[in-house]
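See below for the structure under consideration.
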Amino acid sequence: MSVQDDLWFDATKCFIGGTWVAPLGGEYLSLKNPSDGSEIAKIARGKLGDVDAAVLAAKNALTGEWGRMTALERGRILTRIGQLVLERVDELARLEAADVGKPLKQARADAVALARYMEFYGGAADKIHGHTIPYLDGYTVYTLREPHGVTAHIVPWNYPMQIIGRSVGAALTMGNATVLKPAEEACLTALSFAKIAEEAGLPAGALNVVTGLGEEAGAALSSHPDINHISFTGSVGVGSLIQKAAADAIVPVTLELGGKSPQIVFDDADLDAAIPFLVNAGVQNAGQTCSASSRILVQRSIYDKLTEMMAERYRAMKVGPAMDDLDVGPLISARQKEIVEGFVRHAGPARIVAQATVITGAPDGGHYFAPTLYAGIDPDDPLAQNEIFGPVQAIIPFDTEEDAVRIANGTAYGLVASIWTHDGARQMRMAKAIRSGQIFINNYGAGGGVELPFGGVGKSGHGREKGFEALYGFSVLKTVAAHHG
Ligand code: NAP
Ligand code: MG
């Protein structure tokens with residue numbers, strides 16, 4: 001079965017104001033399959049004019065049918081989108097596997113997560129409200145939660161469905177009208193999402209999708225004078241540009257950037273329970289995960305044992321085409337492969353303890369990289385400091401709890417951390433001491449729950465998505481003070 005069989009819409013069009021339109025410039029980009037390098041579709045190369053049209057359509061939606069809908073009606077539409085996503089889970093998974101290179105079961109999990117975001121936010125739409133505030137005699141004071149207006153959503157290629165779900169889903173819940181710019185390297189599920197939203201009866205202009213290059217469509221969107229909020233997920237470098245654009249326009253911005261997330265393993269931990277989490281969190285999606293756990297901090301007394309247990313898993317790991325549904329797929333692009341290989345070249349072979357195997361017969365045009373485990377890494381080593389965005393993990397030994405905290409907090413990032421110990425007091429001390437947006441105790445990621453607020457500190461970004469918390473971020477609080485004597 002080819003990708004074309006699953007494309008039930010025209011991927012060369014943008015979705016603007018409820019209609020599918022060709023890019024004004026008539027130019028197209030080639031979308032590639034990371035598993036073999038073949039072209040899977042052409043997409044529109046949207047530019048300023050297309051972004052202008054999308055923002056205008058969103059603005060009009062706010063005063064049209066979408067803007068007049070009740071929270072209940074918005075919630076019902078989101079829930080319907082979730083149902084339609086569930087009906088199409090298999091084709092969405094195949095599209096994502098072909099587009100991003102992720103093994104089919106991971107792509108499927110992402111599609112299910114997208115549906116779950118729609119269900120969660122659909123159900124939440126009419127359950128978020130303002131307050132009344134006891135005030136001076138003769139006054140009634142209350143607060144209203146209102147949409148920002150037009151929200152811009154700039155999404156990376158690594159988890160398109162999940163990030164669209166958490167960002168666009170929450171924004172629509174609160175009544176914003178959205179403009180989505182997916183990454184040029186992975187657009188198919190963003191366009192599928194628009195098609196499904198259209199089928200679910202989402203009013204025209206509530207969701208607009210413009211594909212194109214980051215420096216063209218993305219920059220045009222983030223600097224557009226008529227947007228009222230920006231949600232960006234991606235690299236620190238582009239995040240900084242986005243925040244500058246938001247500063248010029250004085251609009252709020254949510255930045256979900258990278259990480260160097262640690263898992264900290266004490267000598268009383270249940271290693272059999274920990275090992276799958278320690279390894280999977282580093283290699284899932286070929287390590288191209290903002291919350292990838294690329295640092296494993298291990299108490300020295302169990303360092304040798306844990307290193308060997310992780311190494312064993314690496315040696316058994318198979319890498320190959322997404323459709324083969326092995327442990328790990330290819331990296332997204334030749335460029336990404338070059339970046340990851342650059343780190344490995346620079347580190348040298350001496351501290352590599354194990355590598356996975358790329359299966360024989362993996363297509364030459366695919367961007368395969370064998371997951372690589374390093375041990376005995378110094379906390380200041382580039383492998384322990386820089387986000388690699390590939391399946392590379394560094395084991396770092398420590399002696400005391402204080403050392404563990406210092407090392408864990410010793411990078412510019414703070415997205416996710418986990419603590420493996422059965423000492424309850426230590427769990428509490430560590431959870432307080434670690435600078436991170438999320439802390440997991442004796443697990444990692446807690447199944448990725450859509451209910452769990454997510455976001456970073458430091459260079460990992462700011463603002464929170466997921467859960468109810470996102471709904472506060474995607475709305476503005478208005479205070480009404482009425483004097484009635
Ligand atoms: P990226 O280069 O920052 O791109 C992210 C998005 O921004 C893409 O849609 C991109 O479009 C767009 N973009 C690029 N240049 C732009 C510009 N000048 N103005 C406006 N938009 C622009 O990141 P990436 O390479 O796609 O993803 C990898 C990075 O994202 C990693 O550092 C990772 O940690 C981070 N990430 C973080 C999270 C999180 O939730 N914290 C999740 C996923 C990824 P094009 O692709 O079309 O250029
Ligand atoms: Mg692609």
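Order of listing sets the numbers, starting from 1, for every ligand and every atom in it. By convention here, the first residue in the shown sequence is residue 1.
Polar contact with ligand 1: present for V155 (N/O pair, distance under 3.5 Å). In terms of N/O distances under 3.5 Å, ligand 1 is approached by W157. Polar contact check, C290 against ligand 1: no nitrogen or oxygen pair lies under 3.5 Å apart.
Heavy atoms from other residues, nucleotides or ligands lying under 6.0 Å from NZ of K459 number 12 at most.
Between the side chains of S261 and Y413, no donor N or O sits under 3.5 Å from an acceptor N or O. A donor-acceptor pair shorter than 3.5 Å can be found between the side chains of T372 and Q355. For the residue pair T151 and H153, a side-chain donor N or O sits within less than 3.5 Å of a side-chain acceptor on the partner.
Counting heavy atoms under 4.0 Å from ligand 1, residue F454 touches it through the side chain alone. Contacts of E387 with ligand 1, taken as heavy-atom pairs under 4.0 Å, involve the side chain alone.
Note on E216 versus R45: salt bridge recorded, some NZ/NE/NH1/NH2 to OD/OE distance being below 4.0 Å.
Taking the centre and axis of the six-membered ring of F454, the NZ or CZ atom of K466 falls inside the cone set by 45° and 6.0 Å. Under the 6.0 Å distance and 45° angle rule, K127 does not count as a cation-pi partner of F468.
Atoms of ligand 1 lying under 4.0 Å from at least one heavy atom of I242, given by number and element, are 20 (C). Close approach to T233 involves these atoms of ligand 1, each under 4.0 Å from a residue heavy atom: 5 (C), 37 (C), 38 (C), 39 (C), 40 (O), 42 (C), 43 (C). Near N158, with a cut-off below 4.0 Å to any heavy atom, the atoms of ligand 1 are 42 (C), 43 (C), 44 (C). The contact set between ligand 1 and G218, taken as ligand atoms under 4.0 Å from a residue heavy atom, comprises 19 (N), 20 (C), 21 (N). Shown in contact with L241 at under 4.0 Å from a heavy atom are these atoms of ligand 1, numbered in order with element: 18 (N). Set against the non-hydrogen atoms of P156, the atoms of ligand 1 under 4.0 Å away are 26 (O), 27 (O), 43 (C), 44 (C).
Remark: the backbone N or O of F232 is not paired with any side-chain donor or acceptor of E256 at under 3.5 angstrom.
Protein heavy atoms are absent from the 4.0 Å sphere centred on atom 4 (O) of ligand 1.
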